[in-house]
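Below: the structure, in structure tokens.
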Amino acid sequence: MALTRYYLHKRTCIGIVPLLCAFLCGMLLTLLVANTNPVCTPVGRVYDSENSFFLMLLIVTAPENFERRTAIRETYLNLRPRTINESYQEELIHIPPFNDRGQIILETVETQRQLLSNYRVWLQKPKKNIKLLNFKIKPLFAIGLHGQPKNIRRAIYDEQRVFGDILELEEVQDSYANLTSKILHSMQKIDAKYDFKYLAKLDDDTYVKLDVLAEDLLSYYEKLHQVQRQQKSKGPMELYWGYFRGAATIQKQGAWQEKDYFLCDRYGPYALGGGYVLSKGLVSFIATHADQLSMYKSEDIAVGTWLAPFRNIHRRHDVRFDTAWKPRACQDYHMLLHKRTARHMRDIYAGEMCTHEEDQPSGGGGQPKEYFYDWTLPPSMCCKTTV
């Protein structure tokens, strides 16, 4: 063995000398070039790859709602992003054009109806379960800790040590009255720490078909960039995706009374708060200007109002988001399902979609009607075309 090592060294030492010289010369040249401009200039935020995600899930929860968080961890957070079949992007993703004034032309009622019809056909196609690589999702349960007693804090800290998915908001007192503040602080912390493409704001009683939502967003992201390259777009297009309402009257009494909303006698169009998706640019805007934004009582109305003036937002109304204060009639095409208990979430995960309807008390009133949003009409007339 010693002879072999000596022989190899003897054969190769002559060849190593010029290589070593070349390496040292290269290092010297690199140092000279690197120091031609030694002044440090800021180049923007640098992200650790561990903090880079395609989709952030901002799940708003209360400290005591451990059972709901457990149900979410055991159900839809286990649905992995996947390519379901190759037709999705072409048949189900619509990228709206800009008009000559740089304003996005939103989907007509006819387009919305066709996209839903295509999706219902697509649901019947055979599925492929191909896991996507480099497609990361980060869930965060936002909890306000200000003023919480020691036993609650200890329980939250223990939960964080086990799961690592709690967004601890030390400056926020957790209550319905502070929901808008909670969303603002959450977006500020997420925008400061993470690099991402999209953020989904969800309530902890909302079930998400995360595999489909992820496939849709990835297809949207890819098609958006293809269209923009082909058409030489007039600028970036931001996404505000959910189930929109435009005819809501101002709340004058009760828990959701608005004392500071004076823009109109109706709220402007906004995506219902059970769940909606924002692109990174919109989250960054809200986070950057949080101190200047009006703190309306309802966070979903606040987000819609904050984003109202922008001409480059794709407000994507989607009837697959069942995100109102009360569930609509159960449909297999619903992607987000609000007002579901922990048991209902486990039922949906097991393939039983509609058990929540069995639990509704008799005589409790009708279910909300689904509608397509007519962006060509004033908000007060927006939502009369039923699905």
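The model shown is predicted, which means the values in this text are computed figures rather than measured ones.
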* Check against side-chain contact (heavy atoms from CB on, under 4.5 Å), Glu358 and Glu352 -> CA-CA 12 Å; Glu358 302 169 3; Glu352 301 178 43; over 6 Å; no
I need the minimum non-hydrogen distance between [X] and [Y], along with the two atoms involved.
X: Gln188; Y: Ala290; result: NE2-CB, 3.5 Å
X: Thr180; Y: Ser298; result: OG1-C, 3.7 Å
X: Pro63; Y: Ile152; result: CB-CG2, 3.7 Å
X: Ala142; Y: Leu169; result: CB-CD1, 4.2 Å
X: Gly273; Y: Asp300; result: N-OD2, 2.9 Å
X: Ser279; Y: Tyr198; result: CA-CD2, 3.7 Å

Taking the side chain from [X] and the backbone from [Y], do they hold a donor-acceptor pair closer than 3.5 Å?
X: Lys136; Y: Ser52; result: yes
X: Tyr76; Y: Asp211; result: no
X: Gln160; Y: Ile166; result: yes
X: Lys326; Y: Gly366; result: yes
X: Arg328; Y: Val319; result: yes
X: Glu168; Y: Leu145; result: no
X: Thr75; Y: Arg346; result: no
X: Asp204; Y: Thr61; result: no
X: Lys182; Y: Asp174; result: no
X: Arg320; Y: Met335; result: no

Would [X] and [Y] pass as an ion pair if we require N to O under 4.0 Å?
X: Lys209; Y: Glu215; result: no
X: Asp165; Y: Arg73; result: yes
X: Lys280; Y: Asp191; result: yes
X: Arg68; Y: Asp203; result: no

Testing the 3.5 Å rule here: is there a donor-acceptor pair between the side chains of [X] and [Y]?
X: Lys223; Y: Ser219; answer: no
X: Asp359; Y: His344; answer: yes
X: Glu74; Y: Thr70; answer: no

Considering only heavy atoms from C-beta outward, does the side chain of [X] approach that of [Y] to under 4.5 Å?
X: Asn312; Y: Met237; value: no
X: Tyr333; Y: Leu123; value: yes
X: Leu77; Y: Leu57; value: yes
X: Gln228; Y: Ile95; value: no
X: Leu184; Y: Ile286; value: yes
X: Gln331; Y: Val387; value: no
X: Tyr371; Y: Gln112; value: no
X: Glu107; Y: Gln114; value: no

Determine the sole option in [options] for which the side-chain contact (heavy atoms from CB on, under 4.5 Å) test with [X] is passed.
X: Ile72; options: Phe141, Tyr207, Tyr349; result: Phe141
X: Leu202; options: Leu58, Val60, Leu336; result: Leu336
X: Met56; options: Leu199, Leu167, Ile137; result: Leu199

Nearest 0.5 Å, what's the [atom1]-[atom2] distance between [X] and [Y]?
X: Asp322; Y: Lys339; atom1: CG; atom2: NZ; answer: 11.5 Å
X: Met345; Y: Arg340; atom1: CE; atom2: CZ; answer: 9.0 Å
X: Leu307; Y: Ile313; atom1: CG; atom2: CD1; answer: 4.5 Å
X: His185; Y: Lys189; atom1: NE2; atom2: NZ; answer: 9.5 Å
X: Leu92; Y: Ser117; atom1: CG; atom2: OG; answer: 10.0 Å
X: Tyr270; Y: Tyr240; atom1: OH; atom2: OH; answer: 9.0 Å

Quick check on the hydrophobic clustering: are [X] and [Y] connected, directly or via other members, by side-chain heavy-atom contacts under 4.5 Å?
X: Phe372; Y: Leu377; answer: no
X: Tyr157; Y: Ile143; answer: yes
X: Val303; Y: Leu55; answer: yes
X: Leu218; Y: Leu115; answer: no
X: Ile301; Y: Met295; answer: yes

* Asked: Strictly under 6.0 Å, is that where the ring centroids of Phe54 and Tyr221 end up?
  -> yes
* To do: Taking the six-membered ring for Trp and the full ring for Phe, Tyr or His, determine whether the centres of His314 and Tyr220 are under 6.0 Å apart.
  => yes
* Structure fact -> From the list Tyr243, Trp241, Tyr373, side-chain hydrogen bond (donor to acceptor under 3.5 Å, both in side chains) with Asp318 holds only for Trp241
* Considering the options Arg153, Gln148, His146, which one meets the side-chain hydrogen bond (donor to acceptor under 3.5 Å, both in side chains) requirement together with Glu170? -> Arg153
* Does atom CE of Met381 have more than 12 heavy-atom neighbours, drawn from other residues, nucleotides or ligands, at distances under 6.0 Å? -> no
* **Atom CD of Glu357 with >12 non-hydrogen neighbours under 6.0 angstrom** => yes
* Structure fact -> Phe285 meets the ring pair (Phe, Tyr, Trp, His ring centres under 6.0 Å) criterion, sequence neighbours left out, with His289, Phe310
* To do: Give me the ring orientation class for Trp122 and Tyr88: parallel if the planes are under 30° apart, tilted from 30 to 60°, perpendicular past 60°.
  => perpendicular
* Decide yes or no on side-chain contact (heavy atoms from CB on, under 4.5 Å) for Leu217 and Leu239, but give the supporting numbers first. => CA-CA 10 Å; Leu217 268 177; Leu239 177 65; 3.9 Å; yes
* To do: Just do the side-chain contact (heavy atoms from CB on, under 4.5 Å) check on Leu337 and Met353 with the steps written out, would you?
  => CA-CA 10 Å; Leu337 305 102; Met353 286 285 298; 3.8 Å; yes
* Asked: Relative to Phe244, does Arg315 satisfy both conditions: NZ or CZ under 6.0 angstrom from the six-membered ring centre, and within 45 degrees of the ring's axis?
  -> no
